[in-house]
Amino acid sequence: MAGGVRALVPLYAASAVLTLGEGSFALLVPPYMHSRGISTVVIGAAISAYGLVSLAARIPSGAVYRSHRAWSLIAGGCILSSLAFALITRTANPVLLTAFVALDGAGFAIATTANMAALIERRPEGSNAGSIMGWYTGSLGAGYAVAGFVGGSLGDAVGAGDAILILALVPLVAGTLLALVVGRTAPARRDGGEAIARTAWWRDLRHVAPLVWLAFFVTLYINLVSGVLLTFFPIYGLAIGLTLTQIGVLQGIHGAAAAAVRFLSGLVFRWVSYERTLPVMVLVSGLSVAAIGGIKALVVLGAAWATLGLTRGLLRVSSAALVMDEAGETDARRGAASGIYLAGLDLGKVLGPLAGGIGADVIGIRATFLVASVSFPVVYFVLAALLGRRRARDTAPAYAASTLQGDGS
């Protein structure tokens, strides 16, 4: 890790603390609600509400982002999450429980959107965006990975309800650490357009670079595919003769590969451009999904799940790096780009299980996997071509102007 990038280590560590709390909360909420006599339908609706509210909060919170507001947005979002943790243990009312789960979704979305925008501002000069985002997304993944052990063991020790109440301290700790880090480190990139920063927040969305929308689609793609597979592969796996233990191992391989490759991606992107990996990883990801739906041999399934995890990790890093490079030179554009990009993750969480359920009911689970393996890569390449042309068209006048200035000097 280069010297300038080392200054970001406290931000990485605090971000891991934030996802540690969020991952533990996500693990414990369903069994806690079930223990209070809440039906599975309501539990599912509550989890969906989390995704929907997160999605609704992403773009506005990103669009109102300014450098001087970074610490307050992060701290405020973490306080909302902590409040949701505490309140959810005080009631058995299904409507209130759903509202508190959704409140956590809003808080987490606000905090992480501002956090990513603040990270983009603090990118050291000359640093590799792929390396920075590899460590950042790797830290987020590490927090989620540790959450499985912390949340599960704490829940077994004191019960799900008391564990959630104890964990309400974690977002407060994370928010305090992040606010201190962001407040004490000056942005490496200053706002280059105060006139744009003063416009209405929704107008800033028009200035977002075209390739940010491509990155949005990548995050939508990886979470939508994950939603389809993680929701319905257990049912499919049992139908083809796998045990629950084998299914768990396969999904564990996927998660471990996705988390590990994020930290290693910094080395990868020193030799290969992250932009070049995007189309390759989309293709390989599609082939992996096709293998999962088309081949029943356990060894092949293991290789396919591992490959899918690797591609997910690299797609997450490379798409985030694309946003870092394309975000723009103003607070408003950086915030809007971060909000749009992360909204793809939320939308994928919402649409994945829904699309998978409809597909499984209409054409069957196996056929749904095969359709997903082909359709999403096709859409990606169509979007990449269209947005690439738009980017070239938008940058042509600026290039021509700079060339004329150079000729006249």
Side-chain angles (χ1 to χ4, degrees), residues 18-58 77-112 143-172 174 223 226-235 238 244 247-248 251-252 255 345-357 360:
L18 181 59
T19 53
L20 164 62
E22 196 66 16
S24 298
F25 181 76
L27 174 67
L28 293 169
V29 162
Y32 171 72
M33 292 181 69
H34 187 262
S35 71
R36 303 301 294 267
I38 306 300
S39 69
T40 54
V41 173
V42 175
I43 294 173
I47 303 303
S48 294
Y50 175 99
L52 287 170
V53 172
S54 294
L55 176 62
R58 285 290 185 196
C78 289
I79 290 171
L80 288 180
S81 288
S82 182
L83 186 63
F85 282 31
L87 289 176
I88 202 170
T89 64
R90 303 294 93 189
T91 182
N93 183 290
V95 175
L96 290 177
L97 287 170
T98 300
F100 295 146
V101 172
L103 179 65
D104 176 52
F108 186 71
I110 293 169
T112 51
Y144 280 122
V146 175
F149 299 99
V150 172
S153 59
L154 188 60
D156 283 337
V158 301
D162 288 340
I164 292 173
L165 188 58
I166 293 170
L167 288 166
L169 293 173
V170 178
L172 291 180
N223 262 14
S226 292
V228 171
L229 287 176
L230 295 179
T231 303
F232 294 99
F233 182 77
I235 301 172
L238 291 173
L244 286 174
I247 294 170
Q251 295 190 354
L345 293 173
D346 297 321
L347 187 58
K349 289 179 184 178
V350 174
L351 295 181
L354 178 62

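Note that this is a predicted model, so its numbers are computed, not measured. Just the heavy atoms: all of them, side chains too, but no hydrogens, waters or symmetry mates, feed the values below.
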N223 side chain to L345 backbone, donor-acceptor under 3.5 Å: yes
query: Rounded to the nearest 0.5 Å, how far apart are CG of L28 and CG of L165?
result: 12.0 Å
field: Heavy-atom check, side chain of F100 versus side chain of R90, under 4.5 Å
entry: no
query: Is there a donor-acceptor pair under 3.5 Å between the side chain of S54 and the backbone N or O of G105?
result: yes
query: Nearest 0.5 Å, what's the CG-OG1 distance between L87 and T89?
result: 7.5 Å
statement: What one should report as the nearest heavy-atom pair of M33 and L97 is CE-CB, 4.0 Å
- prompt: Taking only residues two or more places apart in sequence, or in another chain, which ones meet D104 in a salt bridge (charged side-chain N to carboxylate O under 4.0 Å, His left out)?
  reply: none
- prompt: Looking only at heavy atoms, which two atoms of A147 and L27 are closest? And how far apart?
  reply: O-CD2, 4.2 Å
pair Y50-V29: side-chain heavy atoms closer than 4.5 Å: no
- prompt: Between I38 and A92, which heavy-atom pair has the shortest distance, and what is it?
  reply: CD1-O, 3.5 Å
field: Test item: D346 and V53 side chains (from C-beta on) under 4.5 Å apart, heavy atoms
entry: no
- prompt: Taking side chain as C-beta onward, heavy atoms only, is T112 less than 4.5 Å from R58?
  reply: yes
query: Which atom pair, heavy atoms only, marks the closest approach of P171 to C78?
result: O-CB, 3.3 Å
message: Contact between V158 and L154 at the side-chain level, heavy atoms closer than 4.5 Å - yes or no?
response: yes
statement: Rounded to the nearest 0.5 Å, the OH atom of Y32 sits from the CG atom of D162 at a distance of 9.0 Å
message: Just verifying a value: how many Å separate S48 OG and I43 CD1, rounded to the nearest 0.5 Å?
response: 12.0 Å
Side chain S82, main chain A168, donor-acceptor under 3.5 Å: yes
task: Identify the two heavy atoms, one from V95 and one from N93, that lie closest to each other, and give their separation to 0.1 Å.
output: N-OD1, 2.9 Å
message: So, using ring-ring contact (aromatic ring centres under 6.0 Å, His included) as the criterion, who are the partners of F25 when residues are at least two apart?
response: F85
message: Tell me the closest heavy-atom pair linking V228 and G352, and the distance in Å.
response: CG2-O, 3.3 Å
